[in-house]
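Any value given below was found using the heavy atoms of this structure, including those in side chains, with hydrogens, waters and symmetry copies removed.
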Amino acid sequence: MTEATAKTTLVIPQLIVGLGNPEPKYDQTRHNIGFAALDVLSRSWQIPLVENRKFQGEYGEGIAPTNDKIRLLKPLTYMNRSGQAIQAVTSWYKLPPESVLVVYDDMDLPLGKTRLRLSGSAGGHNGMKSAIAHLGTQNFPRLRIGIGRPKGVSNGDENTVSYVLGKFSVTETKFVAEVLNFVCECVELCLKQGVEKAMNRCNNNGLVYPEPGNIK
């Protein structure tokens with residue numbers, strides 16, 4: 001009975017969403033690290049992402065390393081309307097909110113640090129505010145990727161926008177590539193073991209940039 005209950009409550013993602021903004025000018029920016037993570041998953045799992053107007057994003061489906069069906073989505077609605085695209089997919093396939101794993105950037109984490117959670121608030125992130133609003137709940141897993149915060153920049157500061165929409169330096173870009181490979185590993189663990197068990201590994205990674213919060 002206990003084992004059956006554990007299997008029932010196991011959270012296994014069926015849809016992986018990476019948050020970001022469309023248009024070439026946003027490519028490789030800090031705010032688009034969620035998009036970058038989906039690109040890595042797409043290549044690793046050989047699941048092409050193709051623009052899908054019905055889902056308002058770049059979408060792909062295929063077989064995950066667990067041999068289960070998986071869906072990938074990069075909303076093209078712009079960050080603050082990300083939830084529209086997520087809801088389009090979940091409504092069409094009748095997916096419960098807890099089956100959606102959202103990957104996105106977080107200024108409050110040092111560059112490279114990852115945090116996997118089963119639920120939580122938006123924490124001031126506009127993409128997550130939209131996701132929560134359209135899914136109608138905060139109870140869905142999310143994987144935050146730290147992008148760091150430059151010294152002297154606080155929430156609401158006008159420099160925040162220019163920072164998150166800025167691109168990584170050459171050195172940071174090489175480091176971020178390692179981080180994204182780790183993110184791919186974390187997502188695969190979520191599929192194999194469930195999100196809760198994967199949290200132990202994903203929340204204790206040692207991939208932290210040598211000078212977090214002091215990024216130029």
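- The side-chain heavy atoms of Met199 and Asn204, taken from C-beta on, include no pair separated by under 4.5 Å.
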Evaluate Arg115 against Asp106 for salt bridge (charged side-chain N to carboxylate O under 4.0 Å, His left out), listing each step before the verdict. CA-CA 9 Å; Arg115 279 285 181 271; Asp106 191 335; over 6 Å; no
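- Heavy-atom minimum distance, Val40 versus Leu180: CG2-CB, 3.9 Å.
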Could you walk me through whether Tyr59 and Lys74 pass the side chain to side chain contact (heavy atoms under 4.5 Å, CB included) check? CA-CA 7 Å; Tyr59 174 81; Lys74 290 165 60 176; over 6 Å; no
If you apply the rule side chain to side chain contact (heavy atoms under 4.5 Å, CB included), what do you find for Cys190 with Leu116, and how did you get there? CA-CA 10 Å; Cys190 290; Leu116 179 64; 3.6 Å; yes
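- Residue Glu196 places its CD atom among 12 or fewer non-hydrogen atoms of other residues, nucleotides or ligands, all under 6.0 Å distant.
- Taking the ring axis of Tyr163 as reference, the NZ or CZ atom of Arg30 stays within 45° of it and closer than 6.0 Å to the ring centre.
- Using a 4.5 Å heavy-atom threshold, the side chains of Phe182 and Thr114 count as touching.
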Check the pair Lys167, Glu172 against salt bridge (charged side-chain N to carboxylate O under 4.0 Å, His left out), reporting the backbone distance first and the verdict last. CA-CA 9 Å; Lys167 296 182 185 291; Glu172 290 168 351; over 6 Å; no
Which is it for Leu73 and Glu58 under the side chain to side chain contact (heavy atoms under 4.5 Å, CB included) test, yes or no, and what are the steps along the way? CA-CA 6 Å; Leu73 175 69; Glu58 288 186 8; over 6 Å; no
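- The shortest non-hydrogen separation linking Ala37 to Val183 is CB-CG1, 4.1 Å.
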After noting the C-alpha distance and the side-chain angles of Leu118 and Val11, does the key distance pass the side chain to side chain contact (heavy atoms under 4.5 Å, CB included) rule? CA-CA 8 Å; Leu118 284 165; Val11 177; 3.9 Å; yes
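- Stacking of Arg53 on the aromatic ring of Phe55 is not recorded, the 6.0 Å distance cut-off and the 45° axial limit not both being met.
- Residue-environment remark: NZ (Lys174) stays at or below the threshold of 12 foreign heavy atoms within 6.0 Å.
- At a cut-off of 3.5 Å, with distance as the only test, no side-chain donor of Gln14 or Tyr93 sits close to an acceptor on the other residue.
- Inter-residue side-chain proximity for Leu101 and Val17 is flagged as unmet; no heavy-atom pair is nearer than 4.5 Å.
- Proximity of Ser121 to Gln138: side-chain heavy atoms (C-beta onward) are separated by under 4.5 Å at one or more points.
- Looking at Glu188 and Ser44, their side chains come closer than 4.5 Å, going by heavy atoms from C-beta outward.
- Heavy atoms from other residues, nucleotides or ligands lying under 6.0 Å from CD of Gln46 number 12 at most.
- Scanning both residues, Ser130 and Ser82, for their nearest heavy atoms gives OG-N, 3.4 Å.
- In terms of heavy atoms, Pro75 sits closest to Gly18 at CD-O, 3.2 Å.
- Side-chain contact between Trp45 and Leu72 is present, with heavy atoms from C-beta onward closer than 4.5 Å.
- In plain terms, the two heavy atoms of Leu143 and Cys186 that are nearest each other are CD2-CB, 4.3 Å.
- Residues Val103 and Leu19 have side chains not in contact (no heavy-atom distance under 4.5 Å, counting atoms from C-beta outward).
- Between His125 and His31, the two ring planes are tilted [angle within 30° to 60°].
- Two residues are said to be in side-chain contact when any heavy atoms from C-beta on lie closer than 4.5 Å; Ile63 and Ile70 fail this criterion.
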